[in-house]
Amino acid sequence: MKPFCGAEPLVGEIVGLRTFRVDESGTLLPLYSNLAWYDGVNTATCAPPTGDGQRHDRDVPSADCECGFYAYGTPEAASANRGTRYVQAVVSCWGRVIAGTQGVRAEHARIDALWLHPNVPVWVRRRVAGAYPSARMFTDRDLMLAQFPLSTLYCYEPEPPRRVLPRVAAAGASAALLGLGLLPESILHASSLLWGLWLSATVAVAVLAGWLLTAAHGIGHVAAGALTAGVLAWLLAPVFGLPGWLLRAPVLRGLVVMGGGYLLTLRPGYFPVVRSPSEKAFCGVRP
């Protein structure tokens, strides 16, 4: 069973937990789109962010699609999402609801309660409270969950323990892959082992990038293909000598942005406030 799709569709209100981004106007936005939530009732349409971007005439949510409003079933499942360290919202879901092992996807949703990190600026808290007067604001997460308990469904599974070894192995493999792209061509040719590793890695990354950019249609696959193409350029850089550093620019820029973003989160009093979208759309349609 999938995390948010697999059980039979449910009827009735299901209470779950989710997170949002907060923009300068106090509007709550999903993590991966600028489709703002209304205060009160929100109604989903089939225009999945990782699909083709077109609305479809089908049940929402559908087991064959990614549409619908998402909500985690337990605080443990929600904690895997980095956004929940800053914003948590208790939401009621109803209409057509499909449940999975970690939470639900729903046709209709309403924000019942909101918790914002203590670092949130006072002016942001006031704007959020003004934009969502129906939602009760909390400064204590445990108190919010005690007064707005989450629904318990039979299909929810305990969050598996986080395994450190696979992450360490993935980080090591990524570092080794980037290291091959830093070696001069003369050193690669001097060792049959290094040359074989470089050639195998380059061919594998090229095939993966080609598949992601041509065979897949979702925007998520295209983004992954662009990232993979950047890694391919990095690996090919030694062949071009000094001018090859231009091929390393996209990956270097990405590393700098990631590192800068992480250092920003370590700043005392940090709370993420995003710039308001120039043309704000709403994910819900009032009935």
On a heavy-atom basis, which atom in [X] and which in [Y] lie closest, and how many Å separate them?
X      : Y      : result
Ser151 : Glu13  : OG-O, 4.4 Å
Gly16  : Ala71  : CA-CB, 4.0 Å
Trp198 : Leu235 : NE1-O, 2.8 Å
Ala131 : Gly26  : CB-O, 3.8 Å

Using side chain to side chain contact (heavy atoms under 4.5 Å, CB included), reason through Val91 and Asp112 one step at a time and then give a plain yes or no.
CA-CA 5 Å; Val91 295; Asp112 295 331; 6.0 Å; no
Can you list, by chain and residue number, the hydrophobic cluster partners of Trp245 when the side-chain cut-off is 4.5 Å?
Leu178, Leu182, Trp234, Leu242, Val251, Leu252, Leu255
Measuring from [X]:[atom1] to [Y]:[atom2], what's the distance to the nearest 0.5 Å?
X      : Y      : atom1 : atom2 : value
Met144 : Asp142 : CE    : CG    : 9.0 Å
Thr27  : Asn34  : OG1   : CG    : 10.5 Å
Leu145 : Leu17  : CG    : CG    : 6.0 Å
Arg105 : Cys93  : CZ    : SG    : 11.5 Å
Leu193 : Leu188 : CG    : CG    : 11.0 Å
Leu199 : Ser192 : CG    : OG    : 12.5 Å

Do the side chains of [X] and [Y] join up, straight or via other hydrophobic residues, at under 4.5 Å, putting them in one cluster?
X      : Y      : value
Val239 : Leu232 : yes
Leu213 : Val207 : no
Phe240 : Val231 : yes
Val90  : Val120 : no
Phe271 : Leu114 : yes

Say whether, by atom type as modelled, one donor and one acceptor occur between the side chain of [X] and the main chain of [Y] under 3.5 angstrom.
X      : Y      : result
Asn42  : Arg110 : no
Glu107 : Gly95  : no
Thr228 : Ala224 : yes
Arg127 : Glu24  : yes
Arg125 : Pro118 : no
Thr84  : Ala78  : yes

Does Arg18 make a cation-pi contact with Phe20, if we ask for NZ or CZ under 6.0 Å from the ring centre and within 45° of the axis?
yes
Determine whether [X] and [Y] make a side-chain contact, defined as any pair of heavy atoms from C-beta on separated by less than 4.5 Å.
X      : Y      : answer
Arg248 : Pro238 : yes
Leu116 : Met137 : yes
Leu264 : Tyr270 : yes
Phe148 : Phe138 : yes
Leu29  : Leu35  : no

If you take the centroid of each ring, where Trp contributes its six-membered ring, are Trp37 and Phe69 closer together than 6.0 Å?
yes
Can you tell me how the ring of Trp115 sits relative to the ring of His117, calling it parallel under 30°, perpendicular over 60° and tilted otherwise?
perpendicular
Verify whether one side chain among Thr19 and Asn81 offers a donor that lies under 3.5 Å from an acceptor in the other.
no
May I ask you to check whether Asn119 and Arg267 show a side-chain donor-acceptor distance below 3.5 Å?
no
